[in-house]
Amino acid sequence: MSATAATTVPPTGAGLVLNAPIVAAAATPNGHGYWLVGSDGGVFSFGDAGFYGSVGHLHLNSPIVGLEVTPNGQGYWEVAADGGVFAFGDAGFYGAMSKATLHAPIVGLAPTRDGDGYWLVGSDGGVFAFGDATYHGSAIGMSQTSPIVGLAPTSSGNGYWELAANGGVYALGAAKFYGTAPVQSPAVGITSADGGYRVVSSDGSTYSFGGAYFEGTLTGLPLNKPIVGTSSTAGGYLEVAADGGVFNFGSVGYYGSLGDSTLLSIIPALSGSAADNYGLTSGQIAAWSRVNVCEEGGNWHVNGAVFAGGLGMSRSNWDRFNTFGFPANAAYATPLQQIRVAVAFATYYYGSPFAAPDQGGCAGGY
């Protein structure tokens, strides 16, 4: 999905319903755009960042944890916690760990300088090299009290740094150690620049070491959601929050964000018997939950004169399809009861119990 706007006003996420939180960002090489990726694999492009595809429409075995861009910005990789790698645009596929038995989940991917290979890193510090990426060792056993959260290669590719959530940095190969980040909240990302490295924590604090330039920090500023990722270019860097908020520094420009978007909150269900859940599947619950966010902004107890409940169902349709003994007013029914009636409605009007209106259309009532 492209979020690039044709006007001079940077786009926002106003009116957009995210199926999953944002987990990472990647800047274009020239700093004139960037991509955001959600844990469901959905990709959002801003500025001059091109959209080359995503796995947002697929059923994933494991959530996406990172996105990295090719050297020329004409492609990118998505990486999942099970080690799955998905290549788009001019990004090459050089292997994955999704078929292997992992001792810890994968937390990130880092490409080589020429883009003809990449490293995967696990939360236990394990490193896996593919393509022309060279293995220089790992931090397994070095950070026993804090998980590894990221890896950044040196400019030559002859070494890399691993970062732990407590701010610990482990230098391997030709990488030099310049210091540990004194984080006050968990570290979430590390990038390399000018022979050094930069660490970012979940409160937006930025720590630069070695030759890495410092262009600013979010330390002390109120954030709606924690910072989850960072990305850098030759002269700047950006930080992204879980709600898609973007914060730019140095030569990286601001071209919009997913700020003001709504994160889909799926109704807790399927914890009891099939009878307790009225025979609904998780897919049906998810689909109609999205309708609820679009129609009523997450409110399941709207009590209007014509439409009631969280799905914008007319009182006449509720009376017609509520053959289950649920409350006579949809506003007083539970979300699962409302979805069960909606499934009966969809079976009749759309010909399938798995059909649901397009949540992006917000038809205004059923």
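Here, residue 1 is the first one in the sequence, and each next residue gets the next number. Please read all numbers here as calculations on a predicted model, not as lab measurements. No hydrogens, no waters, no symmetry mates; every other heavy atom, side chains included, goes into these values.
Within the model, atoms OG1 of Thr233 and CG of Leu238 stand 8.5 Å from one another, a figure rounded to the nearest 0.5 Å. Atom OG of Ser138 and atom CZ of Phe128 lie 8.5 Å apart (nearest 0.5 Å).
Side chains of Glu162 and Val127 form a contact here, defined as non-hydrogen atoms less than 4.5 Å apart. Contact of the Val188 side chain with the Thr230 side chain is not registered, since no non-hydrogen atoms from C-beta on lie closer than 4.5 Å. You'll find the side chain of Val121 stays beyond 4.5 Å of the side chain of Ile106, heavy atoms only. By the 4.5 Å heavy-atom criterion applied to side chains, Tyr197 and Tyr178 are counted as neighbours. Phe46 places none of its side-chain heavy atoms less than 4.5 Å from the side chain of Val246.
Inspection of the Thr12 and Asp260 side chains reveals no N or O donor paired with an N or O acceptor under 3.5 Å. A donor atom on one side chain and an acceptor atom on the other are found under 3.5 Å apart for Thr70 and Asp90. No hydrogens or angles considered: nothing links the side chains of Ser231 and Glu68 as a donor-acceptor pair under 3.5 Å.
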- Task: Give the C-alpha distance, both sets of side-chain angles, the deciding distance and a yes or no for side-chain contact (heavy atoms from CB on, under 4.5 Å) between Ser314 and Asn317.
- Result: CA-CA 5 Å; Ser314 70; Asn317 274 333; 3.4 Å; yes
- Message: Apply side-chain contact (heavy atoms from CB on, under 4.5 Å) to residues Tyr237 and Tyr213 and explain how you reach the verdict.
- Response: CA-CA 10 Å; Tyr237 48 90; Tyr213 47 86; 3.8 Å; yes
- Message: Set out, in order, the CA-CA distance, both residues' side-chain angles and the distance that settles side-chain contact (heavy atoms from CB on, under 4.5 Å) for Tyr207 and Thr217, then state yes or no.
- Response: CA-CA 8 Å; Tyr207 309 88; Thr217 179; over 6 Å; no
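Enclosure of atom CZ in Arg320 by more than 12 non-hydrogen atoms of other residues, nucleotides or ligands within 6.0 angstrom is indicated.
At a threshold of 4.5 Å between side-chain heavy atoms, the hydrophobic network of Ile, Leu, Val, Met, Phe, Trp and Tyr places Val79 and Val228 in two separate groups. Taken together through direct or relayed side-chain contacts under 4.5 Å among Ile, Leu, Val, Met, Phe, Trp and Tyr, Leu172 and Leu163 form parts of separate hydrophobic clusters. Under a hydrophobic-cluster definition in which Ile, Leu, Val, Met, Phe, Trp and Tyr are linked whenever side-chain heavy atoms come within less than 4.5 Å, directly or via other members, Phe51 and Phe88 are assigned to the same cluster. Put simply, Leu218 and Tyr254 are part of two different groups of oily side chains (I, L, V, M, F, W, Y) that touch within less than 4.5 Å, one to the next.
Figure legend: cation-pi geometry between Arg340 and Phe321 absent, as NZ or CZ is not positioned both under 6.0 Å from the six-membered ring centre and within 45° of its axis.
The aromatic rings of Trp77 and Tyr118 lie perpendicular to each other, with more than 60° between the two planes, well past the 30° mark. Ring orientation note: the planes of Tyr350 and Phe345 are nearly perpendicular, at an angle over 60° on the 30°/60° scale. Taking the six-membered ring where the residue is Trp, Tyr52 and Tyr76 present tilted rings, their angle falling between 30° and 60°. The aromatic rings of Phe326 and Tyr278 sit perpendicular to each other, their planes meeting at more than 60°, with 30° as the lower class boundary. Between Trp119 and His136, the two ring planes are tilted [angle within 30° to 60°].
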